[in-house]
Amino acid sequence: MSNHRHTPYSAAEVERKWQDQWERRGSNAYTREQLAAARDPYYNLMMFPYPSAEGLHVGNIYAFTGADVHARYQRLRGKDVFQPIGFDAFGIHSENFALKVGIHPMDLIPRNVANFTRQLRRIGGMFDWNHTVDTTDPAYYRWTQWIFLQLLKAGLAVRKKAPVNWCPSCKTVLANEQVIQGRCERCDSLVEPRSIAQWFFKISDFAERLLENHRFIDWSESTRKAQINWIGRSEGAELAFPVVTPWQALEGVADPFAELTRIWRDSSTGIAAGEDAPVPQLPCVPVYTTRPDTVFGATYMVLAPENPLVDWITTPDQRAEVDAYRSSVAQLDLVSRQKIEKTKTGVFTGAYCLNPATEARIPVWIADYVLMGYGTGAIMAVPGHDERDFDFAHEFDLPIPRVIAGPGQDASTPLTEAFTGDGTLVNSGQFDGLTVEEGIVQIVEWLAEKGAAESQVNYRLNDWCISRQRYWGPPIPVIYCEECGVAPVPEDDLPVVLPRIEDFKPDDTGVSPLARVVEWYRTVCPSCGGEGRRETDVSDTFLDSSWYFLRYPSTDRSDVPLDPELTGSWLPVDCYIGGNEHAVLHLMYARFITMALHDLGHLDFEEPFSKFRAHGLIVRGGAKMSKSRGNVIVPDPIIEEYGADAFRLYLMFLGPFEEGGDYRDEGIHGPFGFLNRLWDAVLTAVDRDHEGPRPDPEVERKLHQTIQQVTGQVPELQYNTAIAALMEYLNQVRAGGRTPCRAEVEPLIPMVAPFAPHIAEELWSRLGHVDSVFEGGNWPEFDPEKARHVSVTMAVQVSGKLRGTILGPVGMSQERAEALAREEENVARHLEGKEIRKVVFVPDRLLNFVVG
RNA sequence: GCCGGGGUGGCGGAAUGGGUAUACGCAGGGGACUUAAAAUCCCCCGGGAGCAAUCCCAUGCGGGUUCGAAUCCCGCCCCCGGCACCA
């Protein structure tokens, strides 16, 4: 139907033109003054990419486009939108690739960054190129090191020797968050436990706030739940079990609990005991339990093999067996150790404790089903009411008494398996008959009076190990001195620059390649002036990315990490979009660092991201994209053929943005055709503009309904249905080959603009606008009057089955509707000879005759 | 095992304060234009029966509530993701 008076749509030409325009005008790149002067700031963020040698992949483009659509929409609504991007270029991933291809990362990264920058421009993202960060730039990591020093000063960064995860392939330690099912998240190798002195950030001190703040931040449910699982809060009590070893005389102690001394856990070193700690008069083993109500059923105890108490508690005749078991456990990797199906193993230590409730002497065992990293590294075993303890007791013929009776059970009902359900207490002295809930409260109170119990909350979350025995990261800014111990590098001496070395291959020694560079690590102690040695480990990449969004507005300032004025007006981030794979990694760390900087007075907010939305995953042929499957999408040829606009539109149309979708190569034909028809419709309207507007009330109604729907859905990231609505509208505008007028197509342009910004700019300018479509709040206004229907089609049912439809005016009365319905032949036929028992009338929707 | 999310045509997906299931698009079929092809445009497109009007069946499975259920309730099955010997 096109009259072909206008030029055909050439995506390549249009997109090149507008990318040049945006760049020349500096449309999206703010100066410091502009950022400071913003009246209605909106900080829109996406997770900055790791600049791989392969270039942007579809996952990146999908996420970035989804975020960019949001930014452009906010811009069209008149907000001042800040949307920066940067490069997360430090880390093992980059380093491994550099090692593989034999090019130094200092040479490789700039190339990759240049290529990414080119591709990011090509997809038409509204990025502020005046405010980028590169984590490998000393001007950036100077402040990463500064953050380390602030945490060190505040006691939130501590060096401790602790069991850590060693990846034998990456040859470095990893944080717990980087170990997935006992394997390295990078290379999938089985992780080995090692005990090395490392730097830790005390994120566990923030567990409660990291959990609680989820009440007020607006995050995707899936991400929120993943974080809550990871933090793993549990409520229970710590109970003290006095040690009564056979060789230790208890004579002369009238009441063992009167002089009870507890060994409290030291959160940095585990249990304080052995040579370093004074042995108390009547020492106790502390245990953590969520079921203090079952304490009368605790017939033995189990310590983790790594528990330092084991050294001290084991009797001479059991020592050989205990030592053998401990070393056999030390050999195991985490996966084999933590297999649930594994038969329970363990060894008796020869020692006994008193059950504080029954005062019975119970044996102390060690077994690898008890983990040192949780609670106190020791448990009271209640075989009757815990599956693991049941299995263990069964294996070693330990008594299994019942202390909880479920429905239909009593104190003597035999236990054939652990009973973990609800019930009442039995065989528990004065507490018999209480419910589990009452028992928990009353037993803790009773034991607390003896000094043997205290209510406690426990978290699964462990401290963040940030040391890496690798090369490609920011050196941890401390110096070791024989005299002064650990001396922080003075802030004025930052950055501690990573030296360029050619041999940066990691090895198995447990120290970083930097430890081979004597001229670099040998230095002067900043506090005494004596001989000093630099820390040769570098910090975790996730420290680099834990604060990049804080830096973006302040990149013009080299004298401070954060410009106070800009930080105050632009942060926290209004909307953050990214992948859920970072739920317990980056997103947890960024919250922690922000919280710590808040507490130290550097920020006036404690949550970095007011709103976070996790995008879905793009799959192809129902399967995750991977090189080995050969189903990876290469974006450049697609953009070449259909243009960035069509590609963006297609990606957003695939499925709900927060759920992802299945990519099919032919699918782009739909959105591409839509853009062509849009082009044709708008230019046709321009051509016949002199003929004047010709309002069509039906089209105008549809227009306002579309504005309403799209305005509701786009800010909620419901892109696929918003695009469908735009398509429907254009279909109606062009229905039957009619020629549209300007008023019908013009409002379509700003609505399409977030998805397809280049063609929108071009059509907007062809309509005679001088300014960019994104300047001046051009989003169309919805008029409810104009959207109002005048007539409706109502469904007519007979006994709930659809038998016809009737067309009538909006708000038609039941009488009128019934009359119309009875005229319908099919309806009349189904009513014939039947008695109407009831009529259900839903105004403007349906009429249902219920017949007998 | 626990915690999220999901299961609708050949495919991606619409529609959940219950009210015309399958919008929008892909793929497929038919037609127009063309010397031809591409592009474009028009029509058809869940399954079954029927010349047709129309009827029956269908939203993972089995029950229930209701005039009416993809949507609510009960009991299951399957897929994706998080946690998992966490006491």
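Predicted, not measured: the structure shown is a model, and the values here were computed from it. Every chain is numbered from 1 and lettered A, B, ... according to where its sequence line falls, protein lines coming before strand lines.
- The base of B:G12 is not paired with the side chain of A:Asp662 by any donor and acceptor separated by under 3.5 Å.
- Nucleotides B:G31 and B:C80 have their P atoms positioned 44 Å apart, rounded to a whole Å.
- In the interface, the side chain of A:Lys344 is paired with the base of B:C85 through a donor and an acceptor atom under 3.5 Å apart.
- Taking only distance into account, the side chain of A:Asn848 meets the base of B:C67 through a donor-acceptor pair shorter than 3.5 Å.
- Distance NE2 (A:His582) to C1' (B:G81): 15 Å, rounded to an integer number of Å.
- Checking B:C83, B:C85, B:C41 against the side-chain heavy atoms of A:Trp230 singles out B:C83 as nearest.
- Among the protein residues, A:Thr290 comes within range of the sugar-phosphate backbone only, with heavy atoms under 4.0 Å from sugar or phosphate atoms but none that close to a base.
- Among the heavy atoms of the strands, none lies under 4.0 Å from A:Val851.
- Between A:Tyr9 and A:Trp679, the ring planes lie tilted relative to each other; the angle falls in the 30° to 60° range.
- Between A:Phe392 and A:Tyr369, the ring-plane angle classifies as tilted under the 30° and 60° cut-offs.
- Of all nucleotides listed (B:C41, B:U54, B:A87), B:U54 comes nearest to the side chain of A:His830.
- Separation of the C1' atoms belonging to B:U8 and B:G47 is 14 Å when rounded to the nearest angstrom.
- With distances taken from any side-chain atom of A:Ala724 to the nucleotides B:C24, B:G13, B:C83, the minimum falls on B:C24.
- Candidate nucleotides B:C24, B:A14, B:G19 were compared by shortest atom distance to the side chain of A:Gln797, and B:G19 ranks first.
- Within the nucleic acid shown, A:Asp389 has no heavy atom closer than 4.0 Å to any nucleic acid atom.
- Using cut-offs of 30° and 60° on the angle between ring planes, the pair A:Tyr300 and A:Trp365 is perpendicular.
- Salt bridge status for A:Arg829 with A:Glu832: absent, with no side-chain N to carboxylate O gap under 4.0 Å.
- Pairing for B:G12 is with B:C24, a Watson-Crick or G-U wobble pair whose two hydrogen-bonding atom distances lie under 3.5 Å.
- Put simply, CD on A:Glu825 is 8 Å from C1' on B:A53, counting in whole angstrom units.
- Ionic pairing of A:Asp386 and A:Arg291 is not present here: no N-O contact between side-chain nitrogen and carboxylate oxygen is shorter than 4.0 angstrom.
- Neither OP1 nor OP2 of B:C83 sits under 4.0 Å from any side-chain N or O of A:Arg460.
- For B:G9, the O4'-C1' to base torsion is within 90° of 0; the nucleotide is therefore syn.
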